[in-house]
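A short worksheet on the structure shown next.
Since the structure is predicted, the reported quantities are computational estimates derived from the model, not experimental observations. Below, chains carry the letters A, B, ... as their sequence lines are ordered, and counting in each starts from 1.
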Amino acid sequence: MGLKVQLPDGSTREVAAGSTGADLAQAIANSLYRKAVGVLINDELKDLFTPLKDGDKVQILTAEDPPALELLRHSSAHVMAEAVQKLFPDAKIAIGPTIEDGFYYDFEIPGHTLSTEDLGKIEAEMKRIAESDQKLVRFDIPDVDKQIADFKAQGEKFKVELLTEHRDHSPTLYLMKDKEGNVVWNDLCRGPHLPSTKGIKHFKLLKVSGSYWRGDENRETLQRIYATSWWTKEDLEGYLHRLEEAEKRDHRKISKQLDLFSVHEEVGPGLIFWHPNLATVRNTIEDFWRAEHRKRGYQFVYTPHIASEQLYAISGHLETYAENMYSPMDIDGQAYRAKPMNCPGHIMIYKSRLRSYRDLPVRFAELGTVYRYERSGVLHGMLRVRGFTQDDSHIFCTREQLEGEIMGVLDLIDMLMTTFGYTYKAYLSTRPEKSLGTDEEWEMATGALERALQKRNLDYEIDEGGGVFYAPKIDIKLFDAIGREWQGPTVQVDLNLPKRFDVTYIGEDGNRHEAVMVHRAVLGSMERFCGGLIEHYAGAFPVWLAPTQVVVIPISDRHQDAADKLTQALTEKGVRVHVDKRSETMNYRIREAQMQQTPYMVVLGDKEVEKNEVSVRHRRKGDLGTMTPQLFVDKLHDEITNRFLDE
RNA sequence: GCCCAUGUAGCUUAGCGGUAGAGCACCCCCUUGGUAAGGGGGAGGUCACGAGUUCGAUUCUCGUCAUGGGCUCCA
């Protein structure tokens, strides 16, 4: 008896009982059969040789179908592991999953540490294996105990551990078979895989690094090889090119070119020194930030950088956050701590007097500098540091006001992120397993967050159980100019601190009620945000942010007066302008301004002075020709005040 | 913190057992130029720091610190 399957175009097709995806492909067209590498059965990725069932929705996958990349990379990982064990017979294999744009495999190799030279050898061995056209064959383990014993005998302790755990989940091996059908290698794996290694052609091993078995630092230290794999040479080259481009944008590299920030051994790692150029960018952002907050009814506050430990005992940070806090310092016999968060301070201000429901909502905002201990290995330029300034705010409101307040925050987020040229996506994180508070409170808070998202028509995904133990939250992910993802704004409804600090207001009924407290940061931290901006813009800050907005270049000494005059006119308009009067050639000075990513260069020579014009060059568009000084000043002023994102 | 790699003038880097060379930047001189490098000269390095091996260490070994890539975590 045959079975009917549904094809992607909606049609159904009858095939013989026991048919696999491969049989179906062959029945459809020989050409499809030859190109088939896998199959989607009811939207699940499967081996090409998976038997079909009556009523299945089936799509044959070829290299052109995006889901097939997963197969390619997973199979590439197996080929890499096979190659490593061929070259290093003592190597024990751990796990080798696919990741975004590639895959990795973890190994324990007694007595050998992998180096970059090894990568070349492994690649060569992989090429040999792939070209020998080994078949990847799924194999149901008939006798788990025997297989465990086999793995034990081979010393594959990680596989023993994995198989023991998965013994009841119908575990499978993938066998690598050579042309003669001999099993040359195998790996415990649930698949799916390509039918053969011959499609594995365009791969590259990228780097080796350390890792832990099961991500647990108390367990074995493993060596991890990161690699990538693509169907075509063009795709591989394109990917490697993207990596290079990303490297060029590295904020640490650009910082050296544009003199933006530094860290110093004498001072300590993870502590950032903002040089004048980047400080200008930051100041400009902060002015903008303040103006937008003022418009939205926020009040600015300042709070101390250290506080008695008592404060953090009340807030609970001493219990739950101690490992991120610096050791106490003794002040007159009392233990003080550097502040790791701004919230307790803002609560102090809120509690400094009795609040009426008529006062609410209260929105306190602070560019608050905090210090957190980060393990030395995680520090990274400006993106991961030990002292940083958050654009922090806490909103105290009633339950009834909560939804509206969150909408206000979402509005602010949209305004700010759009101005910087980021697109974004929202995630709603709900109650985790371990959490404080009642069901009713979580529903109230989560519901307000979700309704606000819906009313603003924001696409969002739900991260089930992804909330913090004391709060549901909205996280916004940003996408930069080259499509990379950054952690962005976050909004949390705190169900903990109002209780710990007894944060209340007097209601219409004359009784005390617990206030609702919202934490939110839009930029995150000035350090991380500005570091991210450097990469987003590749150092070419839009005019309104650029440290130097205009460089004026008088061609020779006799044009200096005209240059001074223009500079003064620009300065009066608040433009950050610099005259380059050095006795270098005009070309040289233009080149330098270009390399500094200065948005505009103005050249003044005989022709311009005579006609009272200026010759304007834009860093990307090149020579814009001449115009009157007034027109240039107006144009620039317009671009700056409207925060143009040029290019 | 752990694994691996790296650490030579402000920056990018060559060298690698016999106490360092380049390009750019910097300073001086000449050049006054039409939209991405005009020419010449000069100064600048305890080769990250500390021990050890050696007749001799920037070069080899160990330790420390920092940086980079990961693991883990988060703004």
Side-chain angles (χ1 to χ4, degrees), chain A residues 104 106 108 113-116 118 206-226 247 250 252-253 255-257 259 262-270 321 323-324 340-342 368-392 468 475 486-490 519 521-529 531-532 553-560 581-596 598 601-608 615-619 621-626:
Chain A
Y104 67 80
D106 283 345
E108 187 182 61
T113 27
L114 292 170
S115 65
T116 21
D118 294 324
L206 298 172
K207 56 197 171 198
V208 351
S209 76
S211 66
Y212 302 104
W213 171 234
R214 314 220 115 174
D216 181 345
E217 59 190 76
N218 299 313
R219 306 274 326 248
E220 291 87 338
T221 298
L222 305 174
Q223 302 188 58
R224 174 173 298 178
I225 302 176
Y226 283 92
E247 211 171 300
D250 190 306
R252 295 160 303 189
K253 193 170 173 167
S255 168
K256 281 185 180 158
Q257 292 156 358
D259 193 14
S262 56
V263 289
H264 301 271
E265 250 184 76
E266 303 88 319
V267 179
Y321 206 69
E323 61 185 31
N324 289 293
M341 291 195 186
N342 298 303
T369 304
V370 296
Y371 294 89
R372 299 184 186 171
Y373 174 71
E374 296 284 359
R375 308 207 291 180
S376 61
V378 306
L379 300 173
H380 180 90
M382 299 187 82
L383 302 181
R384 198 64 190 277
V385 295
R386 285 178 170 165
F388 56 95
T389 301
Q390 291 179 299
D391 72 312
D392 211 352
V468 217
D475 283 318
W486 295 79
Q487 183 190 303
T490 156
H519 306 251
V522 181
L523 308 178
S525 84
M526 297 313 292
E527 282 73 9
R528 181 178 284 179
F529 189 73
I553 301 172
I555 288 187
S556 71
D557 293 351
R558 62 183 176 280
H559 310 116
Q560 289 190 359
K581 291 181 181 172
R582 290 175 305 171
S583 92
E584 301 288 351
T585 59
M586 182 198 65
N587 274 336
Y588 180 91
R589 287 175 287 166
I590 285 179
R591 176 181 154 82
E592 188 150 287
Q594 280 284 157
M595 300 219 299
Q596 288 300 305
T598 313
M601 287 142 272
V602 175
V603 175
L604 290 174
D606 287 338
K607 283 183 271 179
E608 290 77 11
S615 180
V616 180
R617 179 188 166 94
H618 182 266
R619 65 181 167 201
K621 297 171 198 145
D623 193 349
L624 301 182
T626 57

Item to check | All stems with RNA chain B, defined as three or more consecutive Watson-Crick or G-U pairs under 3.5 Å | outcome: B:1-7 with B:65-71, B:10-13 with B:21-24, B:26-30 with B:38-42, B:48-52 with B:60-64
What contact category does [X] fall into here, base, sugar-phosphate, or nothing, at under 4.0 angstrom with non-hydrogen atoms?
X       : answer
I553(A) : nothing
D606(A) : base
Q487(A) : base
Q560(A) : nothing
N587(A) : sugar-phosphate
V263(A) : nothing
G381(A) : sugar-phosphate
Q390(A) : sugar-phosphate
E527(A) : nothing
H380(A) : sugar-phosphate
R558(A) : sugar-phosphate

Would you say [X] reaches [N]'s phosphate, i.e. side-chain N/O to OP1/OP2 under 4.0 Å?
X       : N      : result
R252(A) : G68(B) : yes
R617(A) : A36(B) : yes
R582(A) : C26(B) : yes
S583(A) : U32(B) : no

Out of [options], whichever nucleotide has its closest atom nearest the side chain of [X]:
X       : options                : result
Y226(A) : C74(B), C71(B), A25(B) : C71(B)
E374(A) : C74(B), G69(B), U31(B) : C74(B)
M586(A) : G34(B), C74(B), U32(B) : G34(B)
S525(A) : U67(B), A75(B), C71(B) : A75(B)
S556(A) : U32(B), G34(B), G38(B) : U32(B)

Item to check | Near-parallel close stack of F388(A) and A75(B) base (under 5.5 Å, under 30°) | outcome: yes
If we take the [atom1] atom in both [N] and [M], what is their distance in whole Å?
N      : M      : atom1 : value
G56(B) : A51(B) : P     : 15 Å
A25(B) : G40(B) : P     : 13 Å
C11(B) : C74(B) : P     : 35 Å
G68(B) : C28(B) : C1'   : 39 Å
C55(B) : C16(B) : P     : 24 Å
A75(B) : U12(B) : C1'   : 33 Å

Nucleotide [N], atom [atom2] - distance to [atom1] of [X] in whole Å:
X       : N      : atom1 : atom2 : value
Y588(A) : A37(B) : OH    : P     : 11 Å
D250(A) : G68(B) : CG    : C1'   : 10 Å
Q257(A) : A25(B) : CD    : P     : 15 Å
R372(A) : C74(B) : CZ    : P     : 10 Å
E220(A) : C71(B) : CD    : P     : 18 Å

Checklist outcome for this item: Quick tally for nucleotides 1-14 of chain B: nucleotides whose base has a protein heavy atom under 4.0 Å get B, sugar-phosphate-only ones S, the rest -, giving BBBS------SS--
Checklist outcome for this item: Taken in chain and number order and not counting sequence neighbours, the residues that satisfy ring pair (Phe, Tyr, Trp, His ring centres under 6.0 Å) with Y226(A) are Y104(A)
Next on the checklist: Run D106(A) and R224(A) through salt bridge (Lys or Arg N to Asp or Glu O under 4.0 Å) and show every step you take.
Outcome noted: CA-CA 4 Å; D106(A) 283 345; R224(A) 174 173 298 178; 2.7 Å; yes
Next on the checklist: Salt bridge or not between K253(A) and E247(A)? Use side-chain N to carboxylate O under 4.0 Å.
Outcome noted: no
Item to check | E584(A)/R591(A) ion pair, N-O < 4.0 Å | outcome: no
Next on the checklist: On the side chain of R528(A), is there an atom forming a donor-acceptor pair with the base of C74(B) - under 3.5 Å, no angle test?
Outcome noted: yes
Checklist entry - Is there a donor-acceptor contact under 3.5 Å linking the side chains of H559(A) and D606(A)? => result yes
